[in-house]
Amino acid sequence: MDSAPSRSLLPRPARQVLLVVLVALLVHAPALANGFVYDDVPLLLENPWLRSVGGLQAAFSHSLFGFVDDGADAGLGSGYYRPLAHVTFWLLRAVFGTAPWGYHLLLLLAHAGASVLVWRLLRTCLRGEGREDASGWAALAGALLFAVHPVHTEAVVWVSGWMDLAATVALLVTVRLLVPGPVSAMRTWLAALAWLTGLLLKETAIVLPVLLWSAEWATHSAPVGLRERLRRHGPLLASLGAYAALRLSALGLAAPTDPRRLSNGGASVADALALVTDLGGKLLWPHPLLAAPPASWVRSPWEPAVLLGGLCSVGLLALLGWAVRRRHGAVFAGGVWLAVPLLPVLALQSRGVEAYAERYLYLPSVGFVLLVAVGLRALLTRWSGSARAVTLASGGALAACVLLTVSRIPVWHDEVSLWETTVEQLPERPSAHAWLGAAYLNVRRAPEAVPHLETAAAALPGNYRVRSDLAVAYAMTGRFKDAVRQLEAAIRLKPRSATPRHNLGLTLRRAGQLEAAVASFRDALQLEPARADSHLELGRTLLQLGRPREAEAALTEALRLKPDLEAARRALAAARSTPSTAKPGP
């Protein structure tokens with residue numbers, strides 16, 4: 001902790017920036033070997049909007065999963081408006097194709113940039129309070145903690161975590177451009193553009209005005225007078241208006257909600273307070289890290305998790321009040337940056353949406369590391385003789401975080417590794433068994449999928465996707481009667497969904513009931529005419545029935561919808577070279 005001038009060719013701030021960047025990149029470098037997991041598959045590999053520039057227009061007029069959920073089968077995703085996520089993925093597809101390493105490289109670079117911006121924010125907020133050298137070292141330690149904190153693993157190494165990561169970078173850029181003041185007109189408009197970018201990446205960016213106000217208060221750089229406020233913040237109002245116009249035009253007043261849980265009393269303020277405990281605890285003790293909620297919905301206000309969440313909330317409010325009275329700007333900014341970004345997450349939980357996800361802590365952790373930096377600075381200032389002990393303790397904590405992060409990255413390598421680990425951690429969660437069963441199916445390990453899907457189906461009898469996946473597993477293991485029974489139940493649960501009808505067609509074909517399979521594929525296409533795989537399987541089945549001309553029409557349509565569908569191309573060649581051996585069907 002020597003404060004003597006450095007003899008390095010680089011000034012101390014430049015060395016610190018370089019250190020933060022290298023640590024963030026090196027610790028997360030193993031993620032370059034990871035693949036696509038969970039939501040990555042529909043968003044990146046199956047997303048029809050990424051096939052052309054014209055397709056991106058739909059991203060600005062639909063919800064995040066509008067290519068799947070909009071219309072009759074609207075789901076929870078209908079309330080999320082994030083068109084720039086699709087734009088980012090389109091650009092990545094154009095450069096890297098479907099090679100996962102390119103996508104992960106972008107996330108690693110963005111996280112390194114975020115860590116540097118956090119370092120800059122911490123230095124700005126701590127400046128002028130306490131010894132200058134102590135503030136500098138505390139800011140560096142806080143930025144390094146942000147760079148390696150294990151709770152960031154989900155946001156940094158999962159491609160779909162880009163939305164949380166990029167929105168946080170956009171907010172940090174916005175604050176960096178406006179704090180401290182004064183600022184030029186150019187910077188105010190660049191800040192407004194950065195905020196609009198963040199809003200179009202994730203709705204949580206709406207909390208910027210409060211975060212900006214706290215940073216201005218902490219650095220004594222708030223604009224004085226109405227004219228100066230309008231000059232600095234007026235462009236932000238323009239960005240907010242543009243975002244509101246785009247969102248209202250696309251989604252109206254739609255917001256994520258789960259009416260099933262709300263109607264069953266499965267959501268309340270108590271659930272939101274329990275979430276404070278479940279998520280907030282990961283910042284202080286990031287082990288074990290989980291990909292699913294650690295517990296089912298909490299309904300009793302006397303549950304320990306609820307009481308602890310309430311106590312933490314009251315304590316944080318008391319801390320903010322103390323910081324205001326003592327004019328302690330860094331503490332106030334840290335508390336605001338920790339608490340306010342969690343409010344939209346808690347609102348989702350109270351509306352019935354299961355909102356547990358560690359990536360939601362990416363932005364709040366900025367406030368957490370700021371509070372940690374304040375504490376380190378206080379130790380170094382009041383007990384300067386303990387600098388070596390503080391340094392060793394800080395280094396040990398950072399080393400532990402590095403080990404936890406490095407051990408967590410391989411868990412996100414693929415869906416099987418993610419959900420196997422989750423089931424080991426949370427064997428009582430039926431949703432974890434459902435996702436593990438689906439992951440096994442994707443890699444053709446049907447015998448291993450069956451017990452997990454049976455567990456999930458027994459606990460979630462109203463979940464049609466679980467029943468559909470279980471039926472596929474049964475069919476792949478030769479249990480065709482069981483498969484048909486599960487698919488018929490899935491169709492009753494979701495009569496407007498094409499997926500169970502498509503899977504029923506596959507099952508009936510494997511059972512030798514070709515005509516019934518043709519009827520099922522056609523039923524699926526009536527519900528979803530642009531489903532390329534249903535056209536493909538319909539063509540294959542008609543080819544088996546000796547009706548190549550009908551098969552040719554279906555396969556041609558499959559290729560029109562998905563030109564890179566090689567299986568359809570091969571089947572079409574076979575249909576064109578095969579003479580008809582049966583009468584055309586009706």
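The neighbour count for Trp435 CH2, taken as heavy atoms of other residues, nucleotides or ligands under 6.0 Å away, does not exceed 12.
Distance check, rounded to the nearest 0.5 Å: CG of Leu536 to NZ of Lys562 gives 9.5 Å. To the nearest 0.5 Å, the span separating OG1 on Thr98 from CG on Leu44 amounts to 10.0 Å. Rounded to the nearest 0.5 Å, atoms OG1 (Thr499) and CG (Leu504) are 12.5 Å apart. The distance from atom CG of Leu542 to atom CG of Leu555, rounded to the nearest 0.5 Å, is 8.5 Å. Put simply, CG on Leu508 and OG on Ser520 are 6.0 Å apart, with the number rounded to the nearest 0.5 Å. Atom-to-atom distance recorded for Leu165:CG and Leu108:CG is 9.5 Å, nearest 0.5 angstrom.
Between the side chain of Glu154 and the main chain of Ala291, no donor-acceptor pair closer than 3.5 Å is present. The main-chain N or O of Pro461 is found under 3.5 Å from a side-chain atom of Arg467 such that the two form a donor-acceptor pair. The backbone N or O of Leu545 sits nowhere less than 3.5 Å from a side-chain atom of Glu515 that would complete a donor-acceptor pair. For His433 (side chain) and Val423 (main-chain N/O), no donor-acceptor pair under 3.5 Å exists by modelled atom type. At least one donor-acceptor pair closer than 3.5 Å links the side chain of Arg501 to the backbone N or O of Pro495. Listed for the Arg408 side chain is no donor-acceptor partner under 3.5 Å among the backbone atoms of Pro150. Arg576 places no side-chain N or O within 3.5 Å of a backbone atom of Ala571 that could act as its donor or acceptor partner. Under the 3.5 Å distance criterion, the side-chain polar atoms of Thr277 are matched with a main-chain donor or acceptor of Gly309. No donor-acceptor distance shorter than 3.5 angstrom exists from the side chain of Lys202 to the backbone of Tyr81, with no hydrogens or angles considered. Thr507 places no side-chain N or O within 3.5 Å of a backbone atom of Ala475 that could act as its donor or acceptor partner.
A donor and an acceptor atom, one from each side chain of Ser417 and Asp414, are located under 3.5 Å apart. Glu454 and Tyr474 share a donor-acceptor pair across their side chains, judged by distance under 3.5 Å alone.
Only one option out of Leu418, Val159, Ile409 pairs with Asn34 in a side chain to side chain contact (heavy atoms under 4.5 Å, CB included); it is Ile409. No option in His152, His149, His111 other than His111 meets the ring pair (Phe, Tyr, Trp, His ring centres under 6.0 Å) test with His28. Of the options Phe89, Trp101, Trp90, Phe36, a ring pair (Phe, Tyr, Trp, His ring centres under 6.0 Å) to Phe96 is made by Trp101 and by none of the others.
Between Glu420 and Tyr440 the shortest side-chain heavy-atom distance falls below 4.5 Å. Looking at heavy atoms from C-beta onward, Leu460 lies out of side-chain contact with Arg465 at the 4.5 angstrom threshold. The side-chain heavy atoms of Arg509 and Glu537, taken from C-beta on, include a pair separated by under 4.5 Å. Under the 4.5 Å side-chain criterion, counting only non-hydrogen atoms from C-beta, Val276 is in contact with Leu346. Side-chain contact between His104 and Trp412: absent, with no pair of heavy atoms (C-beta onward) separated by less than 4.5 Å. Two residues are said to be in side-chain contact when any heavy atoms from C-beta on lie closer than 4.5 Å; Val406 and Val27 meet this criterion. Here the side chains of Val484 and Leu487 are not in contact, with every heavy-atom distance at 4.5 Å or above. Considering only heavy atoms from C-beta on, Trp158 stays 4.5 Å or farther from Tyr103 through its side chain.
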**Message:** Please determine whether side chain to side chain contact (heavy atoms under 4.5 Å, CB included) holds for the pair Leu273 and Leu308, giving the CA-CA distance in whole Å, both sets of side-chain angles, and the decisive distance to 0.1 Å.
**Reply:** CA-CA 8 Å; Leu273 291 175; Leu308 183 57; over 6 Å; no

**Message:** Using side chain to side chain contact (heavy atoms under 4.5 Å, CB included), reason through Ser497 and Tyr464 one step at a time and then give a plain yes or no.
**Reply:** CA-CA 9 Å; Ser497 174; Tyr464 90 100; 3.4 Å; yes

**Message:** Before you tell me yes or no, could you show the steps for Phe146 and Phe368 under side chain to side chain contact (heavy atoms under 4.5 Å, CB included), namely the whole-Å CA-CA distance, both residues' side-chain angles and the distance that decides it to 0.1 Å?
**Reply:** CA-CA 9 Å; Phe146 183 88; Phe368 173 74; over 6 Å; no

**Derivation and outcome, side chain to side chain contact (heavy atoms under 4.5 Å, CB included), residues Leu84 and Val87** = CA-CA 5 Å; Leu84 287 191; Val87 173; 4.1 Å; yes

**Item:** Arg445 vs Glu415, salt bridge (charged side-chain N to carboxylate O under 4.0 Å, His left out): CA-CA, chis, key distance, verdict
**Value:** CA-CA 13 Å; Arg445 291 163 62 177; Glu415 290 196 344; over 6 Å; no

**Request:** Start with the C-alpha gap between Glu488 and Arg485, add the side-chain angles, then the distance that decides, and say whether salt bridge (charged side-chain N to carboxylate O under 4.0 Å, His left out) holds.
**Result:** CA-CA 5 Å; Glu488 289 173 345; Arg485 186 171 64 253; over 6 Å; no

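Taking every heavy atom of both residues into account, Val157 and Ala31 meet most closely at CG1-CB, 3.5 Å. When every heavy atom of Val450 is checked against every heavy atom of Arg479, the shortest pair comes out as CG1-NH1, 4.1 Å. Taking every heavy atom of both residues into account, His535 and Pro529 meet most closely at NE2-O, 2.8 Å. Across all non-hydrogen atoms, the minimal contact from Glu552 to Thr556 is O-OG1, 2.7 Å. Nearest heavy-atom pair across Ser468 and Pro500 is OG-CA, 4.1 Å. Residues Leu50 and Arg93 come closest through the heavy atom pair CD1-CG, 4.1 Å.
Classified by interplanar angle (parallel below 30°, tilted 30° to 60°, perpendicular above 60°), the ring pair Trp49/His62 is tilted.
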